[in-house]
Amino acid sequence: MYTAAVITVSDKGFKGEREDLGGPAVCEMLEKEGYEVAHSAIIPDEQELIERELIECADGLGVALVVTTGGTGFSPRDVTPEATLAVCMRMTPGIAEAMRAESLKVTSRAILARQQAGIRGETLIINLPGSPKAAKENLAAVLHALGHGLEMLRGAKRDCAEG
């Protein structure tokens, strides 16, 4: 199907002070859906490093989908959405809106989610929360629709109006 990269953004995870449970959970979900996870990494909450990693995954590795976990909250170090906005050429607000809408069914705190989704070249980048439970819930809310989006993004010769 498509290649993917999963990036965990966590100071504590990067330092080895916290086990990364979100990244592996997201990898497992993607693989079950038929994606080949070609790259995964744990990086600190540093905007420049996040931007560099996103650019490398999109431009260098050419993966179809990059999913981040973490760095989407209100903490001053939570800068994953800003990094995503900085590297994307076109935003896809419906993805983040769908994730927040689904999360609102679970917790009123979903209104505090700052995740973004956007396109860089032929790569779709999606931010998920850092909590493994929330990351899985958010990804599950949109995963079924991503294949069609990637098909269009990667130059399918099919017209969206056809069925």
Going from CD on E56 to CD1 on I7, what distance comes out if it is rounded to the nearest 0.5 angstrom?
10.0 Å

Pick from V67, I42, L21: which one makes a side-chain contact (heavy atoms from CB on, under 4.5 Å) with T8?
I42

In terms of side-chain heavy atoms, does N138 have a donor or acceptor partner in E102 at a distance below 3.5 Å?
no

Do the side chain of R114 and the main chain of G73 share a donor and acceptor less than 3.5 angstrom apart?
yes

Report yes if some heavy atom in the side chain of I111 is under 4.5 Å from a heavy atom in the side chain of R100; otherwise report no.
no

Ignoring hydrogens and angles, tell me if any N or O in the side chain of T3 forms a donor-acceptor pair with the backbone of A64 under 3.5 Å.
yes

When clusters are formed from ILVMFWY side-chain contacts under 4.5 Å, directly or step by step, what else is grouped with V106?
none

With a 3.5 Å cut-off and no angle check, do the side chains of T80 and N127 form a donor-acceptor pair?
no

Hey, is D11 close enough to R77 for a salt bridge, meaning N to O under 4.0 Å?
yes

Should the heavy atoms of other residues, nucleotides or ligands under 6.0 Å from CZ of R154 be counted, would the total exceed 12?
yes

Between Y35 and A5, is there a donor-acceptor pair closer than 3.5 Å when you use the side chain of the first and the backbone of the second?
no

Salt-bridge present (E28, K136; N to O < 4.0 Å)
no

